[in-house]
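Here's the structure, in structure tokens; my notes come after.
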Amino acid sequence: MLTFAAQNKDFMTPTVRVRFAPSPTGPLHMGGVRTALYNYLFARQHGGTMILRIEDTDQTRYVPGAEDYIMEALAWCGIHFDESPANGGPHAPYRQSERKALYKQFSDRLIQSGHAYYAFDTPEELEALRKAAEARKETFIYNAATRKTLRNSLNMSAEEVGALIAEGTPFVVRFKIPEHSVVEMDDLIRGRVVVKTETLDDKVLFKSDGMPTYHLANIVDDHLMEITHVIRGEEWLPSLPLHVLLYQAFGWEAPQFAHLPLLLRPDGNGKLSKRDGDRLGFPVFPLAWTDPFTGEKSSGYREAGYYPVAFVNMLALLGWNAGTEQEIFSMDELVKAFSLERVSKSGARFDPAKTRWFNQQYLLKRSEEQLAEELRIVLNNKGIKAADDKLVPICRLMKERVPFVHEIYDEGRFFFEAPQSYDEQVVKKRWKEESATQMLQLAAVLEKVAEFEPVALDALLQQFIADNGLNTGAVMNALRLLLVGTSKGPHLSEIMWIIGREETLKRISAGIAHLSQITQN
RNA sequence: GCUCCCUUCGUCUAGGGGUUAGGACGCCAGGUUUUCAUCCUGGUAACAGGGGUUCGAAUCCCCUAGGGAGUACCA
């Protein structure tokens, strides 16, 4: 039995465990959503576990509501966690602030093993050193080259150190980067990365406020939580050597790493930021957010009318592709098709136009009944009353013309109200001298037709045009102008049927009155 | 400045020594339509530059340039 187990690959391969570890300092950026998504896809594909860990070790950056926002946003996207602050799990708590007591013992362990040391340099002293180095066009690095000249336990007797700490002198714990060596790392996306330790600095692991820094907490928790794969943004790549060294210092096996390419702004240079969204008119956050301190509002994809599946689909394709020509993927399909090997290395520019296209693809796939239900909500929010039985046909006629449900209303206002104005260009082109007379004649016929529904109306229109020897385009466009106010929109007989006989006749006479006034002047 | 990462149409990308360098978005044109949109057809448009290696480089190597990230007692 033991032999079998040892030879069986499934037994040898630990279950995949990944985590998404945001800092609750504000709304979750769409880049963060993509990181969470890739983690989720990877976990699900391998039958593994997806963990949410809140990295709130910086007490000064706490933002009320941010953690709830993160969970709500990811739930909206269909990204669910097996272990999280909300669900609990075998490694609870999942909030680093609640794990505070844990980190000190690990920090102490590194001090005892000689991998870390106490440092008493004040922030001001360090700042001065950095400035001075900068003035010489050099970079100050707290490492083997400088640590011997600084105020730390490496240069003090045990008694001195003990006394300082006993006095309550603020201190930090720094990692002692090994001298003259090379760190070799294998990234699942980037391959081998090699760095000389001379370029690394003795990062602070434990802050003077008694909290660990990201670096320590992240390694300790990833180890304790048995994380097998760390999938995170490329901005972490520069600290990968430190993290690898930390695992070595603890004598722990490091997880595998995958650093994802960044999301770049649609124009110009740099990574996607909130400002770009404001400037170019698209959301950068999944959900709308109001900053609790400044009251500043940010728009969200949900509120903008995007389907979460469309948003997720778009995000999935920004930096990854299946290697086929398929572009529309359900979450299940993404789970099956995803692979870290096919994640690209270079940053991906976000494209708002293609994002709209994705939404349109999903809108097109929805049934008219579903769309009618969604439209009803939009109309309710706007306080617009509409006959329930007309919502389905309206959606049938409009679904191929808009990428968003709310645009069914925006682009189809004529279903709900008479034109407020008449498009000047169209009036000029379509409203002829004889139009008023023709429309009056047509109105008379419409008044009498038995069945006021599309098939009968089409027949009637054709008959009317034939009987009077008129031009189809001229009649239809003039009529459309009266009913819609412009030259756009679905089939006219459908519009007439939906708004009804009474409204149709009302719009014809009102339109004629208005237009003859205008054209006379 | 220093360290690391990256570089195919405007954008997302396929391609991994021999391809008419493919697809999608966008844009343009034509067709369909009473209009607009959808849809269909077609078009526009790319291997950053320079050196190697090779019979042959978009593909491998080097340099340059450009872009990005990091450089905190933030994550």
Side-chain angles (χ1 to χ4, degrees), chain A residues 21-25 55-58 60-61 96 119 121-123 126-127 130 133-134 136-141 170-174 187 189-190 193-196 198-201 203-209 211-215 217-218 232-241 259 261-262 264 266-267 269-271 314 317-328 342 344-358 360 364 397-402 411 426 430 458 461-462 465 471-481 484 486-493:
Chain A
S23 184
T25 53
E55 309 229 324
D56 53 352
T57 52
D58 186 355
T60 64
R61 294 211 306 163
Q96 288 185 328
D121 317 276
T122 65
L126 294 173
E127 189 51 34
R130 283 192 194 99
E134 202 176 323
R136 295 192 306 270
K137 292 205 157 190
E138 288 168 18
T139 306
F140 170 73
I141 306 180
F171 67 89
V172 298
V173 174
R174 284 183 183 273
D187 184 273
I189 293 169
R190 279 145 225 286
V193 179
V194 179
V195 175
K196 294 193 194 74
E198 278 69 34
T199 66
L200 270 23
D201 67 7
K203 284 286 180 206
V204 171
L205 299 179
F206 208 80
K207 298 183 272 187
S208 56
D209 67 357
M211 282 293 242
T213 60
Y214 167 83
H215 302 295
N218 144 75
R232 76 229 296 197
E234 190 186 346
E235 67 269 26
W236 294 111
L237 199 51
S239 44
L240 180 58
H259 289 88
L262 261 19
L264 274 17
D267 64 340
N269 310 128
K271 63 177 175 181
M314 175 278 295
L317 273 286
L318 226 42
W320 169 86
N321 75 86
T324 64
E325 289 186 354
Q326 183 178 357
E327 291 201 278
I328 300 299
R342 294 201 63 85
S344 45
K345 295 176 181 171
S346 47
R349 232 176 245 276
F350 170 68
D351 183 353
K354 187 139 190 186
T355 306
R356 279 191 293 277
W357 176 82
F358 272 109
Q360 188 172 19
L364 250 13
L397 295 171
M398 295 302 288
K399 68 182 290 189
E400 284 175 347
R401 329 172 75 85
V402 294
E411 295 294 313
V426 180
R430 302 296 192 186
D458 269 331
L461 252 13
Q462 268 181 31
I465 289 163
N471 175 282
T472 306
V475 172
M476 300 306 270
N477 284 304
L479 181 57
R480 179 178 295 279
L481 178 63
V484 175
T486 184
S487 65
K488 297 180 188 175
H491 206 66
L492 262 186
S493 61

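So that the names make sense, note that chain A is the first sequence line, chain B the second, and so on, each numbered from 1.
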Summarise how protein sits on nucleotides 1-6 of chain B as a single string, 5' to 3': B when a protein heavy atom is under 4.0 Å from the base, S for sugar-phosphate-only contact, - for no contact.
B-SSBS
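In this structure, G10(B) forms a base pair with C25(B), meeting either the Watson-Crick or the G-U wobble geometry with both donor-acceptor distances under 3.5 Å. Using the Watson-Crick or G-U wobble rule with both distances under 3.5 Å, C47(B) pairs with nothing in any strand shown. Pair check for U33(B) finds none; no Watson-Crick or G-U wobble contact set falls under 3.5 Å. Taking a pair to require two hydrogen-bonding distances under 3.5 Å in either a Watson-Crick or a G-U wobble arrangement, G18(B) pairs with C55(B). The pairing partner recorded for U3(B) is A69(B), the criterion being a Watson-Crick or G-U wobble arrangement whose two distances lie under 3.5 angstrom.
Smallest separation of non-hydrogen atoms from A217(A) and P212(A): CB-CG, 3.9 Å. Taking every heavy atom of both residues into account, L262(A) and E235(A) meet most closely at CD1-OE1, 3.3 Å. Minimum interatomic distance between F350(A) and L318(A) (heavy atoms only, all atoms of both residues): CD1-CD2, 3.9 Å. Nearest heavy-atom pair, T139(A) versus A133(A), reported as atom, atom and distance to 0.1 Å: C-CB, 4.1 Å. Nearest heavy-atom pair across A478(A) and R430(A) is CB-O, 4.2 Å. Scanning all heavy atoms of the two residues, the minimum distance from L200(A) to V195(A) falls at CD1-CG1, 3.7 Å.
A donor-acceptor pair shorter than 3.5 Å cannot be found between the side chains of R190(A) and H259(A).
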Polar atom pairs between nucleotides 24-27 of chain B and protein, under 3.5 Å, N or O only, would you list them?
from, atom 1, to, atom 2, distance (Å)
A24(B), O4', E327(A), OE1, 3.1
A24(B), O2', E327(A), OE1, 2.3
A24(B), O2', K354(A), NZ, 2.8
A24(B), N3, K354(A), NZ, 3.3

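Taking atom C1' in both G50(B) and C4(B), the straight-line distance is 24 Å, to the nearest Å. Spacing of C1' atoms, U32(B) relative to G23(B), comes out at 25 Å, to the nearest Å. Taking atom C1' in both G26(B) and C9(B), the straight-line distance is 12 Å, to the nearest Å. Taking the P atom of each, A58(B) and U53(B) are spaced 16 Å apart, rounded to whole Å. Separation of the C1' atoms belonging to C12(B) and A37(B) is 25 Å when rounded to the nearest angstrom. U7(B) and A48(B) have their C1' atoms separated by 7 Å, given to the nearest Å. The P atoms of U41(B) and A46(B) are separated by 23 Å, rounded to the nearest whole Å. If you take atom C1' in U44(B) and the same atom in U38(B), they sit 23 Å apart, rounded to whole Å.
When each of G323(A) and K488(A) is assigned the nucleotide of RNA chain B with its nearest heavy atom, G323(A) is the one assigned upstream, toward the 5' end. Nearer the 5' end of RNA chain B, as judged by each residue's closest nucleotide, is the contact made by F350(A), out of F350(A) and S239(A).
With rounding to whole Å, L317(A) atom CG is found 13 Å from C12(B) atom P. Taking atom CZ of R342(A) as the reference point, atom P of G23(B) lies 17 Å away to the nearest angstrom. For the pair E400(A) CD and U38(B) P, the interatomic distance rounds to 10 Å; values are reported in whole Å. For Q326(A) and U13(B), the CD to P distance is 17 Å, given to the nearest whole Å. C73(B) atom C1' lies 7 Å from atom CG of D209(A), rounded to whole Å. One interatomic measurement links the two molecules: CZ of R349(A) to P of G10(B), which rounds to 11 Å at whole-angstrom precision.
The phosphate of U35(B) has neither OP1 nor OP2 within less than 4.0 Å of any side-chain N or O from N477(A). Under 4.0 angstrom from either OP1 or OP2 of A75(B) there lies at least one side-chain N or O belonging to T57(A). Between C74(B) and K207(A), a contact under 4.0 Å exists linking OP1 or OP2 to a side-chain N or O.
When the nucleotides C12(B), U38(B), C73(B) are ranked by their closest atom to the side chain of V172(A), C73(B) comes out on top. Listed nucleotides: A75(B), A72(B), C12(B). Nearest to the side chain of R130(A): A72(B). Among the nucleotides C12(B), C73(B), U35(B), the one closest to the side chain of S208(A) is C73(B).
Between D201(A) and F140(A), every side-chain heavy-atom pair lies at or beyond the 4.5 Å cut-off. Contact of the M211(A) side chain with the D58(A) side chain is not registered, since no non-hydrogen atoms from C-beta on lie closer than 4.5 Å.
Residue H491(A) places a side-chain atom within donor-acceptor reach of the base of U34(B), judged by atom type and a 3.5 Å distance cut-off alone.
Taken from NE2 in H215(A) to OG1 in T57(A), the straight-line distance is 10.0 Å, to the nearest 0.5 Å.
Listed by chain and number, the residues in a side-chain hydrogen bond (donor to acceptor under 3.5 Å, both in side chains) with K354(A) are E327(A) (sequence neighbours excluded).
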